Structure formats: structure tokens, C-alpha cells
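So the structure is just underneath, and the comments pick up after that.
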2 protein chains.
Amino acid sequence: MDERKKRVLAAIVQDYVATAEPVGSRTIARKYNLGVSPATIRNEMADLEEMGLIEQPHTSAGRIPSDKGYRYFVDCLMEKYALGRDDEEYIRQSFTRKMQEIETVIQQSAATLSQMTNYAAVALGPQVGKSIYRIQFLHLEPGKALLVVVTDAKVVEHRLMEIPLSITSMDLERISEVLNSRLHGVSMERIQRETLADIYRELHRQRQLVGAVLDVVEELFRSNQENRVFLGGMLNILNQPEFRDVSRVKNLLSILEQGNVIRELMQEQPSGLAVRIGGENRHEGFADCSLVTATYHLDGEVVGMVGIIGPTRMDYARALSLVDYISVHLSDFLAKMIK
Amino acid sequence: MDERKKRVLAAIVQDYVATAEPVGSRTIARKYNLGVSPATIRNEMADLEEMGLIEQPHTSAGRIPSDKGYRYFVDCLMEKYALGRDDEEYIRQSFTRKMQEIETVIQQSAATLSQMTNYAAVALGPQVGKSIYRIQFLHLEPGKALLVVVTDAKVVEHRLMEIPLSITSMDLERISEVLNSRLHGVSMERIQRETLADIYRELHRQRQLVGAVLDVVEELFRSNQENRVFLGGMLNILNQPEFRDVSRVKNLLSILEQGNVIRELMQEQPSGLAVRIGGENRHEGFADCSLVTATYHLDGEVVGMVGIIGPTRMDYARALSLVDYISVHLSDFLAKMIK
DNA sequence: GTTAGCACTCTATTGAAATGAGTGCTAGTG
DNA sequence: CACTAGCACTCATTTCAATAGAGTGCTAAC
């Protein structure tokens with residue numbers, strides 16, 4: 001793999017990404033002055049094809065990069081894309097103080113990514129709260145109470161509950177107190193049997209209600225951990241020429257609509273910034289899409305992921321920079337939000 | 001408008017809805033045995049065209065209904081479509097006990113409608129809660145509190161708030177009590193100046209905090225009243241032949257993505273079951289779509305709307321039945337949920 | 001009032017020819 | 001030996017005309 005081959009491959013990738021048309025030897029000679037004639041480039045291209053880095057849609061067409069070609073480009077040839085002032089500004093503007101809820105912020109990250117790239121964007125998580133920070137009953141009326149749970153990451157969940165008519169406000173206050181003192185700071189994954197036993201002992205009269213509460217709490221944490229999938233700007237991807245055909249659109253959208261597929265694909269990604277190109281994704285029907293993802297963090301721990309889904313013909317340099325920048329910015333923003 | 005003309009128009013509408021192809025005189029004579037020859041039907045069709053009920057895409061094509069034609073069909077010709085057992089069963093199944101949050105239920109209504117029709121579906125609202133049922137502060141840690149607001153429709157909203165470090169749990173308890181007693185059951189639209197004055201007088205030491213709380217409450221109600229728009233199953237509409245062309249899809253989706261356009265269109269609909277056909281919608285770019293909507297209710301009051309958005313070539317009978325059934329079922333379900 | 005028949009219109013399909021982009025190979029050059 | 005000019009060849013795409021087909025409107029006959 002000599003220097004010139006690299007330059008030819010890079011030229012093919014760049015041009016194909018920009019035009020969506022197979023790239024011929026002549027085009028390369030003209031646009032990317034390598035100082036050699038088309039014939040020489042043709043020879044190089046023949047070599048690159050043999051190496052499996054580029055391919056020909058049909059005999060008399062130019063070449064397009066293969067998955068392997070993109071991979072080589074991303075790993076070895078690509079120069080880091082420097083985000084412009086305006087790009088960074090745009091991102092910063094899109095996160096406003098007004099966004100009070102974590103979900104809104106995550107959703108906005110995906111939306112912004114999509115707008116800036118014209119690809120689809122997706123966000124996972126956040127997996128917020130592993131332990132209970134505060135748990136509190138509010139008595140609404142006889143037979144009805146509101147359970148409010150605040151997790152350590154200051155995410156609030158609530159649930160209306162039916163309670164026995166006999167339970168009074170005082171009872172609820174007492175229950176809240178006991179639950180708080182016993183459960184505060186305890187990771188939901190390893191609640192001790194003893195802890196539960198203690199709670200039941202202390203509140204033996206409201207055994208049934210306490211059981212219901214614990215069920216609800218468990219459910220809240222479980223659904224929280226299932227890492228909800230946020231999709232952003234499905235519309236923008238229609239601007240890509242590979243989706244001029246409706247059946248393609250339908251195919252991709254039907255995959256995206258099943259959140260679990262995306263979740264699986266994304267969960268295979270390593271932490272940090274990562275790219276998965278075309279067939280590297282273990283899912284048929286996703287073979288001509290690429291996934292660029294980055295994890296975001298809270299208190300040094302990975303809590304979720306943001307990413308871009310686009311055709312394999314993707315501007316990887318820009319995509320990587322954007323996803324990276326957004327993930328960092330998102331982490332900062334969340335940290336400030338929760339403080 | 002004699003009987004035979006009606007039958008011809010009905011045949012044209014039905015056939016065109018089923019096939020998406022312009023309908024010729026011969027087709028009608030063959031499939032819908034009116035007992036007359038194609039030539040006679042041609043004469044009738046010429047009349048119908050003059051009346052503006054049908055039109056010809058080009059000289060040597062069959063006829064398709066005009067907006068006016070659909071309108072006449074819907075108002076005068078259409079027979080009520082009886083939902084099958086399976087349809088009703090399907091709808092009932094799609095609403096499960098598991099759905100605890102109102103939003104989930106609304107979203108599900110739209111999703112179900114879309115699945116059953118292969119059109120896009122949309123839901124508005126619900127406009128839940130006009131007054132405060134309960135308002136409560138939870139003290140989390142110095143400088144931080146959680147404000148929980150329950151509306152009369154038992155919809156819960158919450159917001160983390162920064163509070164002065166000096167404020168204690170006792171203070172918050174007191175504030176909660178005062179706010180509750182003063183605001184319980186008061187419609188947010190007509191909070192009296194006096195009421196506010198009373199509150200400020202009683203809590204004159206926490207003047208600033210109270211101001212912040214009232215701002216938050218107002219904001220919560222405002223965003224609630226803005227009637228959030230839920231879209232369902234955008235994917236399904238891609239099955240319609242009129243959306244084989246991506247530009248069409250892009251056009252519709254870009255309209256749907258702006259929630260406010262849909263909201264405006266829907267808010268022009270009368271309460272109950274209603275149809276708006278093609279150009280009857282006051283929005284360019286929506287001229288070849290129809291909107292079938294029904295309001296849903298809570299305690300006898302209209303709180304929101306569900307509907308179908310499809311091409312004007314729509315199976316109106318079925319669409320109306322489904323929207324009607326869903327709206328009724330949704331009302332019932334909500335009533336039971338909130339009890 | 002209804003219908004058979006027919007000329008006419010216009011779109012969609014088909015197929016052949018022209019176009020053009022691009023390649024691979026060969027032979028010649030510094 | 002590396003490079004390049006030249007050329008024959010391939011194949012998708014475009015173009016164009018001819019054809020087929022669906023459907024109409026009109027007229028004359030029943």
C-alpha cells in the first residue's frame with residue numbers, strides 16, 4: 001500500500017461521498033492533481049480493487065469504495081475534521097437553559113445531530129439513577145396516593161397508586177420515613193434481604209401496601225434501565241440520494257421503528273467514539289448503513305450513547321467530529337443540570 | 001342528481017379508493033352491475049364531470065373523484081361501515097392495563113389507528129387539568145426542592161427548583177399548605193388578584209420563592225394547554241401508492257413534523273366526528289390529504305382529538321368508523337384510568 | 001332513453017439506435 | 001521500469017419512433 005494508492009483511495013472516497021456517483025480515473029486525474037495520467041490511476045485502481053478496497057457496480061462504471069475501503073479510509077487516511085465556529089455555536093445554541101427535563105435534552109441532541117448532518121440520529125439512555133435518593137408518598141384523597149421517587153441522578157418518577165381506604169396521611173408519612181431511611185442511597189441491584197425484612201418488620205401492618213410500593217419502585221428502575229431509544233430527524237435522511245427510493249426508506253424506517261434493534265446495534269459499540277460501517281453491523285437490512293456513536297457520561301460513568309445513522313457513503317470525518325462534540329457537550333450539560 | 005348518477009359516483013369513488021387507478025366506464029359496467037351499457041355510463045359520467053364531482057386526469061383516462069365528489073359521497077352516499085369483531089377486538093387488545101400514563105394511552109391510540117388503516121394518525125391533547133388539585137414541595141437538600149403539582153384530572157407534573165439555602169423543610173411545608181388551601185380547585189385561568197395578594201401576604205417572607213413557584217405552575221399549565229401533538233405510524237402511510245414518490249413523503253412529513261400546523265388544522269374541526277377533504281383544509285401542501293377526526297371526552301368535556309391523515313383517496317367509511325370507535329373507547333379508558 | 005360502433009386522443013410500453021462514461025490492454029517513450 | 005497515449009470494448013442511460021391499449025365523445029340506429 002504505497003503512498004499513491006492511498007491518495008487514490010482517499011480521492012475515491014471523498015469524491016464518492018460528495019457526489020454519490022461512481023468515480024472514474026479521469027475525474028480523479030482532473031480534480032485531485034496527483035500528477036499522473038488517468039491510465040496510471042486506472043492501474044492503481046485495478047490494484048485497489050484486487051485488494052478489496054473498492055468495487056465496480058458494473059463494467060463500464062467508475063469505482064466506489066467497499067466497506068473495507070471505507071474502513072481503511074477511516075482508520076488510516078482520514079484527516080480530523082475541524083468543526084467550524086458556526087457549527088460549535090449552532091450546537092451550543094441548540095441546548096438552551098429552558099430544557100429542564102433530561103429527556104428533552106437527549107432528544108434535542110439527536111435532533112441537532114440530524115439537522116447538521118442530514119442523516120438520522122439516535123440517542124440511547126440515559127441510564128440515570130441506580131439508587132433511591134428520596135421516596136415520598138403524597139396523600140391525595142382516601143384510597144388514592146401519589147408515590148414520588150427521586151433517584152440519585154435527580155430524575156423524578158411518579159405513579160398514582162390505589163391504597164386501602166383505611167390508610168391515613170399519617171400512615172403514609174410514616175411509611176415514607178421508613179422507606180427513606182432504609183432505602184436512601186441503596187443500589188437497587190443489591191437490596192439486601194435483610195433490608196426488606198427490616199422494612200416489612202417495621203411496617204408489618206401495611207405489609208401489602210409496602211409490597212406494592214416496592215413493586216412499583218422496581219418497575220420504575222427497570223424501565224429506566226431499559227435505555228429508551230430517542231430517534232431524531234427521520235425526515236432529514238430523505239435528503240440523501242440513496243433514499244430516493246421509497247422501499248429503501250420503508251426498510252430503514254421499519255428497522256428504526258423497532259427500538260430494540262437499534263438498541264442492540266448500539267450496545268455492541270465500545271465506549272468512546274466508534275464507527276461501524278455497513279456489513280460490520282450485525283443486522284441484515286442494515287448492511288448499507290453506517291453507525292457513528294459516542295458515549296456520554298455522568299460523574300465519570302457511561303450513562304448513554306448518541307449517534308448518527310446514515311448510508312455507508314457518509315462523511316465520516318465530519319460525522320465523527322460532530323458526534324464527538326455533541327457527546328462531550330451533552331455530558332457537560334447534564335452535569336450542570338443535575339449538579 | 002338521479003338515482004343512477006348516485007350509483008355511478010359511488011362506484012367511481014369505491015373503485016378508485018380500492019385501486020388508485022382512474023375508473024373507466026367499462027370497468028363500472030363490468031364490476032358494478034347497474035344494468036346499463038358503458039355508453040350510458042359515459043353519458044352519466046359526462047354529467048357528473050360537468051357538476052364538478054369527478055374529473056379526468058387526461059383525455060384518454062378514466063375518471064377520479066374530485067374533492068367535491070368525495071364530499072358528496074361522504075355526506076350522501078356512503079353506507080355506514082360496520083367494524084368487524086376482529087377490528088374491535090384488535091382495538092381493545094391494544095389498550096392494556098399496563099398503560100399507566102395518559103400520554104402512553106394517547107400515543108397508543110394514534111399508533112393503533114395508523115396500523116389499522118395504513119394512514120398516518122394523530123392525537124391531540126389531552127387538555128387535562130384546569131385547576132390545581134394538590135401542590136406540594138419536597139425538600140431534597142439545602143438549596144434544592146422538588147415541586148409536585150397534581151391537576152384536577154390527576155395529571156402529575158414536577159419540577160426541580162433551586163431555593164434559597166435558608167429555607168427549611170418546615171418552611172416548605174408551610175408554603176405547601178398555604179398554596180394548597182388558597183389554590184385548590186381554583187381554575188388557573190381566573191386566579192383572582194386577591195388570591196395572589198393573600199398568598200403573598202401570608203408568605204411575605206418567602207415572597208421571591210412564591211413568585212418562582214407561581215411562574216412554574218403557570219408554565220406547567222400553559223405547556224399542558226398547548227395540546228401536545230402525538231403522531232403515530234408515519235411508516236404505514238408509505239404503503240399508500242400516492243407516496244411512492246419520495247418528494248411527496250418529504251412534503252407531508254415536513255408538515256407533520258411541525259406540530260403547530262397539525263394543531264391548527266385539527267383545531268378547526270368541530271367536536272364529534274368530522275371529515276375534512278383535500279382542499280377543504282386551509283393549508284397549502286395539504287390539499288391532497290384528508291383529515292378524519294373525532295373528539296374524546298372526560299367528564300363530558302372535550303379534552304382532545306384523535307384522527308387520521310391520509311390521501312384524499314381514502315376509505316372514508318372505514319376511517320370514520322375506526323376513528324369514532326377509538327375515540328369512544330379512548331374516552332372510556334381514560335375515565336376508568338382516572339376514576 | 002339506450003346502446004352499438006367507430007374515430008380520435010393520449011399515455012404507457014417497447015425496442016432499436018445513439019450516446020457516453022469508463023475500463024483494460026498494448027505498445028511506445030524517457 | 002514506470003508511465004502514458006491510444007484504442008477497442010462494455011454496458012448503463014438516453015432518445016426516439018412505433019405500437020398497443022385504455023378510454024372517451026359522438027353519431028346513428030333501436
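All of these numbers come straight from a predicted model, not from anything done at the bench.
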Just the rounded figure in Å: distance from [atom2] of [N] to [atom1] of [X].
X: B/R26; N: C/dC6; atom1: CZ; atom2: C1'; answer: 14 Å
X: B/M45; N: D/dA22; atom1: CE; atom2: P; answer: 15 Å
X: A/Y16; N: C/dA21; atom1: OH; atom2: P; answer: 19 Å
X: B/I41; N: D/dT24; atom1: CD1; atom2: P; answer: 10 Å
X: A/D2; N: D/dA2; atom1: CG; atom2: C1'; answer: 12 Å
X: B/D15; N: D/dG23; atom1: CG; atom2: P; answer: 10 Å
X: A/K5; N: D/dC3; atom1: NZ; atom2: C1'; answer: 13 Å
X: B/E21; N: C/dT11; atom1: CD; atom2: P; answer: 15 Å

Is there a side-chain contact between [X] and the phosphate of [N], meaning an N or O under 4.0 Å from OP1 or OP2?
X: A/S60; N: D/dT10; value: no
X: A/S37; N: D/dT4; value: yes
X: B/R63; N: D/dG25; value: yes
X: B/R4; N: C/dT2; value: yes
X: A/T40; N: D/dA2; value: no
X: A/R42; N: D/dT4; value: no

For a 4.5 angstrom cut-off between non-hydrogen side-chain atoms, does [X] reach [Y]?
X: B/D15; Y: B/Y32; result: yes
X: A/M314; Y: A/C289; result: no
X: B/L48; Y: B/M1; result: yes

Give the nucleotide from the list [options] with an atom nearest to the side chain of [X].
X: A/T59; options: C/dT3, C/dG22, D/dC11; answer: D/dC11
X: B/N43; options: C/dT3, D/dT24, D/dT4; answer: C/dT3
X: A/E49; options: C/dG24, C/dG22, D/dA5; answer: C/dG24

### Query
So does B/R71 have more than 12 non-hydrogen atoms from other groups sitting under 6.0 Å from CZ?
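Count over threshold, so yes.
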
Identify the stems formed by DNA chain D, where each pair is Watson-Crick or G-U wobble with both distances under 3.5 angstrom and a stem is at least 3 consecutive pairs.
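Correct response: C:1-30 with D:1-30.
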
Item to complete: Would you please indicate if the ring centroids of B/Y70 and B/Y316 are separated by under 6.0 Å?
Response: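 Yes, the ring of B/Y70 comes within the 6.0 Å limit of the ring of B/Y316, centre to centre.
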
Q. Going through the checks in order, is the salt bridge (charged side-chain N to carboxylate O under 4.0 Å, His left out) test met by B/R318 and B/D87?
A. CA-CA 11 Å; B/R318 183 170 158 83; B/D87 284 335; 3.0 Å; yes

Nearest nucleotide by nearest heavy atom, which residue falls closer to the 5' end of DNA chain C, B/P38 or A/G62?
->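 Mapping each residue to its closest nucleotide by heavy atoms, the 5'-most match is B/P38.
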
_With salt bridge (charged side-chain N to carboxylate O under 4.0 Å, His left out) as the test, pick out the partner of B/E44 among B/R63, B/K5, B/R7._
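The option that passes is B/K5.
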
Please tell me which of B/R30 and B/A39 maps to the more 5' nucleotide of DNA chain D, matching each residue to the nucleotide holding its nearest heavy atom.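 Closer to the 5' end of DNA chain D: B/R30.
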
Q.
Working to the nearest 0.5 angstrom, can you tell me the gap between B/K31 NZ and B/R26 CZ?
A.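 B/K31 atom NZ to B/R26 atom CZ measures 13.0 Å (nearest 0.5 Å).
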
